Amino acid sequence: STDHSWQVIEKLSTVQTFFTDSSPVIHIIPLLFHYQQVNNISTDKTIINLSDIPALAEYFNHNTGTNRIKYCICHPFNIVPDIGYVFIPAYVSVSIISYCNNIRQVITQGLPTGLQNSVISVGNLVVQSNINTFGAFAISGQGAFAKLEGIAFLPIMSMSMALTTFVSQNLGAGKADRAKKGSVMGVAFGMAMAELVGICLFIWVPILLRIFVDVPEAIEFGTIHGRTVALFFFLLAFSNCATGVLRGVGKSIVPMFTMLICWCGIRVLYVTIAIRIIPVFRTISSAYPLTWTLSSIIFIVFLLRMDWDARV
């Protein structure tokens with residue numbers, strides 16, 4: 001009899017591949033257990049603690065890969081006379097604490113990133129308003145280079161997102177040393193790739209700008225801006241890759257405040273003040289390498305002081 005009950009449970013285990021400890025869906029899982037294993041449950045619908053039924057708790061822990069399932073809701077059951085088993089349609093639920101922890105982790109990681117990108121965009125609007133004071137050609141030239149910069153920025157962002165995934169997965173697997181070495185290689189590769197793109201833009205920016213504009217004055221403004229920032233793309237890459245690493249270790253607050261202070265606050269303050277002292281277009285363009293440098297210094301300090309083993 002006992003062997004038969006576990007054979008039935010084993011057949012049902014294929015259903016468990018769809019049950020995870022983070023799923024908010026309540027699953028109905030019919031189970032067969034020997035009457036002696038559950039005879040302490042009343043015949044009324046009730047919530048039971050799985051710790052009262054070791055066999056049932058062991059089954060769920062084994063087939064779901066988690067020990068967070070604390071309770072199940074049992075409906076009235078019937079004794080099957082011929083084999084002496086009890087049929088339990090069980091609604092299995094994860095503890096509310098587990099859900100709260102999952103929600104907290106999602107908000108902690110996602111909200112700072114969204115807030116960071118939103119506020120930086122607002123800061124760029126202020127910088128753009130200062131660019132507008134130089135006229136239509138400046139707007140056109142800087143806008144044309146922004147399109148080129150957007151294309152060049154794609155591999156940097158890809159490396160940043162890849163580092164987040166790589167670091168978090170390795171730390172989750174307990175491989176702190178591999179996460180650290182991979183981060184160093186990833187950041188170095190991202191910087192080298194960005195600088196290569198920057199050198200190409202520095203050399204060929206007047207030619208590439210003609211894809212988008214054909215007015216000499218606009219190309220001149222675009223060239224000034226491009227050749228001011230292009231050779232510092234390695235700093236842009238470092239800041240973004242370091243951001244990916246820090247998010248991977250769960251410190252998304254650090255890049256959020258760093259970006260808000262450097263890429264928004266200091267950039268806006270610098271442009272607003274410096275343009276009144278040195279009223280040339282290159283003054284605005286120089287704000288980008290300056291703030292990339294400041295953010296890179298802050299990220300270096302955090303990365304060098306990070307205890308990788310403590311993040312496992």
Side-chain angles (χ1 to χ4, degrees), residues 113-161 190-191 193-241 243 255 259-296:
T113 303
L115 183 62
Q116 166 192 318
N117 293 333
S118 299
V119 178
I120 289 175
S121 298
V122 174
N124 287 336
L125 289 177
V126 178
V127 176
Q128 184 64 48
S129 66
N130 284 276
I131 294 174
N132 295 347
T133 60
F134 287 89
F137 294 132
I139 298 171
S140 178
Q142 194 275 338
F145 181 80
K147 293 181 174 64
L148 295 175
E149 190 178 36
I151 298 172
F153 192 64
L154 290 176
I156 299 174
M157 284 302 299
S158 298
M159 182 59 67
S160 175
M161 290 186 290
M191 292 174 66
M193 184 170 51
E195 190 61 15
L196 179 62
V197 173
I199 292 173
C200 293
L201 281 178
F202 184 87
I203 296 172
W204 294 308
V205 65
I207 299 173
L208 295 174
L209 285 172
R210 295 183 185 276
I211 300 173
F212 304 103
V213 292
D214 56 1
V215 181
E217 291 84 352
I219 293 175
E220 181 181 357
F221 276 105
T223 302
I224 292 173
H225 181 73
R227 287 183 169 167
T228 302
V229 304
L231 293 182
F232 296 93
F233 274 6
F234 73 97
L235 293 173
L236 174 64
F238 178 81
S239 291
N240 279 278
C241 290
T243 296
M259 297 295 196
L260 293 184
I261 294 171
C262 296
W263 290 20
C264 183
I266 295 178
R267 183 178 294 175
V268 169
L269 184 64
Y270 168 81
V271 170
T272 304
I273 297 175
I275 197 66
R276 286 163 173 75
I277 301 173
I278 309 174
V280 296
F281 185 73
R282 195 182 299 274
T283 301
I284 298 176
S285 300
S286 63
Y288 292 91
L290 173 64
T291 52
W292 295 341
T293 301
L294 293 176
S295 63
S296 295

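Values reported hereafter were calculated over all heavy atoms of this structure, with side chains retained and with hydrogens, waters and symmetry mates removed. What you see is a predicted model, and the numbers here were worked out from it, not measured in a lab.
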Between [X] and [Y], what is the shortest heavy-atom contact and its length?
X	Y	answer
Ile219	Pro206	CG2-O, 4.0 Å
Gly190	Ala237	O-CB, 3.5 Å
Cys264	Leu260	CB-O, 3.1 Å
Met259	Ser239	CE-O, 4.1 Å
Phe233	Gly198	CD2-CA, 3.7 Å
Leu235	Trp292	CB-CB, 3.9 Å

Which distance, rounded to the nearest 0.5 Å, do you find between the [atom1] of [X] and the [atom2] of [Y]?
X	Y	atom1	atom2	result
Glu195	Phe202	CD	CZ	10.5 Å
Leu196	Leu201	CG	CG	10.0 Å
Leu148	Phe153	CG	CZ	15.0 Å
Phe221	Ile139	CZ	CD1	10.0 Å
Arg227	Ile203	CZ	CD1	9.0 Å
Ile278	Ile284	CD1	CD1	12.0 Å

Practice problem: Count the heavy atoms of every other residue, nucleotide or ligand shown that sit under 6.0 Å from CZ of Phe234, and state whether that count exceeds 12. | Solution: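 Result for CZ/Phe234: enclosed.
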Exercise. Please identify each residue that fulfils side chain to side chain contact (heavy atoms under 4.5 Å, CB included) with Glu220, with sequence neighbours left out.
Key: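 Glu220 satisfies side chain to side chain contact (heavy atoms under 4.5 Å, CB included) with Ile224 only.
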Quiz item: Is there any side-chain hydrogen bond (donor to acceptor under 3.5 Å, both in side chains) pair reaching into residues 277-286, and which pairs are they, with sequence neighbours excluded?
Solution: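 side-chain hydrogen bond (donor to acceptor under 3.5 Å, both in side chains) check on residues 277-286 returns His225-Ser285, Thr228-Arg282, Tyr270-Ser286.
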Practice problem: Before giving the answer on side chain to side chain contact (heavy atoms under 4.5 Å, CB included), spell out for Thr223 and Leu209 the whole-Å C-alpha distance, their side-chain angles and the decisive distance to 0.1 Å. | Solution: CA-CA 8 Å; Thr223 302; Leu209 285 172; 3.8 Å; yes
Quiz item: Does any non-hydrogen side-chain atom of Phe281 lie less than 4.5 Å from one of Gln142?
Solution: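 They are in contact (side-chain heavy atoms under 4.5 Å apart), so the answer is yes.
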Practice problem: May I have the step-by-step check of side-chain hydrogen bond (donor to acceptor under 3.5 Å, both in side chains) for Asn132 and Gln128, ending in yes or no? | Solution: CA-CA 6 Å; Asn132 295 347; Gln128 184 64 48; 3.0 Å; yes
Exercise. Would you confirm whether Asn240, through its side chain, and Leu236, through its main-chain N or O, come within 3.5 Å as a donor-acceptor pair?
Key: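 Yes: the side chain of Asn240 pairs with the backbone of Leu236.
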Quiz item: If only atom types and distance count, is the side chain of Ser140 paired as donor or acceptor with the main-chain N or O of Phe137 below 3.5 Å?
Solution: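 The answer is no, because no donor-acceptor pair under 3.5 Å joins these two groups.
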